[in-house]
Amino acid sequence: METGDMLPPLTLVLADGAPIDLADRHGRGLVLYFYPKADTTGCTREAQEFSQLSDAFDRAGVDVVGVSRDAPARLAKFAAKHALTVRLASDEDGTASAMFGTWVEKQMYGRRYMGVERATFRFDAGGTLVRSWQKVKVPGHAAAVFESIADTGRGAGSDHD
């Protein structure tokens, strides 16, 4: 996905099993962040940081959805265990990861494997991609995403970073 691209039609399943149509935002912006696996150290911290800012994002007119390839039941346990308030969605079949280019070859300890690359995409109220972050480092990331919204002075509007 490149800046200026439109949010593709996409329905995911939330942790509670309910479907979420990402195009049905009712004039709100959207932050979609992809993370590798629920209940791992980095992914927990990222979800906690987005949860701490969930009210601020809401007041700014922006919905936040965390996406992983975990099953909805695992996401529900993850959210309950850590008292997360950010919405979590399942991409079990990998459709969203493929669309957003986050399903990539990774390497750890000399072993190559396919996995989710941590990335975040921010869409304005019209569904246009206004900013993305690739190969995200967790500490302070949620705050940086929120700052990018606050810096526009237009809430869910666009910027040109």
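Just so you know, these numbers come straight off a predicted model, no measurement behind them.
Of the possible donor and acceptor atoms, one in the side chain of Asp5 sits under 3.5 Å from a partner among the backbone N and O of Glu2. A donor-acceptor contact shorter than 3.5 Å is absent between the side chain of Thr11 and the backbone of Asp21. Of the possible polar contacts, none joining the Asp70 side chain to the Arg74 backbone as a donor-acceptor pair under 3.5 Å is found.
In this structure, Phe121 and Gln134 have side chains that are in contact, with non-hydrogen atoms separated by less than 4.5 Å. Annotation: side chain of Asp91 is in contact with side chain of Asp93 (closest heavy-atom distance under 4.5 Å). Using a 4.5 Å heavy-atom cutoff, the side chains of Arg69 and Glu92 are not in contact. Contact annotation: the side chain of Val62 never approaches that of Leu30 to less than 4.5 Å [non-hydrogen atoms, C-beta and beyond]. Between Val67 and Tyr33 the shortest side-chain heavy-atom distance does not fall below 4.5 Å. Under the 4.5 Å side-chain criterion, counting only non-hydrogen atoms from C-beta, Val130 is not in contact with Thr3. Annotation: side chain of Leu88 is not in contact with side chain of Leu14 (no heavy-atom distance under 4.5 Å). Considering only heavy atoms from C-beta on, Val145 comes within 4.5 Å of Trp133 through its side chain.
Of all heavy-atom pairs between Ala96 and Leu10, the closest is CB-CD2, 3.7 Å. A pairwise comparison of heavy atoms in Gly27 and Ala125 identifies O-CB, 3.3 Å as the closest pair. What you find for Pro72 and Val13 is that their closest heavy atoms are CG-CG1, 3.7 Å. The minimum heavy-atom distance linking Ala60 with Ile149 is given by the pair CB-CG2, 4.1 Å. The heavy-atom pair separating Gly126 from Met6 by the smallest distance is O-CE, 3.2 Å. In plain terms, the two heavy atoms of Ala71 and Ser90 that are nearest each other are CA-OG, 4.0 Å.
No option in Asp63, Val86, Val65, Thr120 other than Thr120 meets the side-chain contact (heavy atoms from CB on, under 4.5 Å) test with Val31.
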Stepwise salt bridge (Lys or Arg N to Asp or Glu O under 4.0 Å) check, Asp39 with Lys81: CA-CA 9 Å; Asp39 216 10; Lys81 178 179 178 181; 3.0 Å; yes
Worked verdict on Arg28 versus Asp58 for salt bridge (Lys or Arg N to Asp or Glu O under 4.0 Å): CA-CA 9 Å; Arg28 293 177 60 83; Asp58 188 51; 2.8 Å; yes
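For the atom pair Ser68 OG and Phe34 CZ, the distance stands at 10.0 Å (nearest 0.5 Å). The distance from the SG atom of Cys43 to the CD atom of Gln48 is 11.5 Å, given to the nearest 0.5 Å. Rounded to the nearest 0.5 angstrom, Glu49 CD and Thr44 OG1 are separated by 11.5 Å. Between the CG atom in Leu53 and the CZ atom in Phe146 there is a gap of 7.0 Å [rounded to 0.5 Å]. Separating the CZ atom in Arg131 from the OG atom in Ser148 is a distance of 5.5 Å, to the nearest 0.5 Å. Here the NZ atom belonging to Lys135 is positioned 13.0 Å from the OG1 atom belonging to Thr102, to the nearest 0.5 angstrom.
Within 6.0 Å of the NZ atom in Lys106, the count of heavy atoms belonging to other residues, nucleotides or ligands exceeds 12.
Under the 30°/60° scheme for interplanar angles, the aromatic rings of Tyr35 and Phe78 are found to be tilted. Below 30°, between 30° and 60°, or above 60°: for Phe50 and Phe57 the angle between ring planes is between 30° and 60°, a tilted geometry.
Electrostatic pairing of Arg118 and Glu46 counts as a salt bridge here, judged by a charged N lying under 4.0 Å from a carboxylate O.
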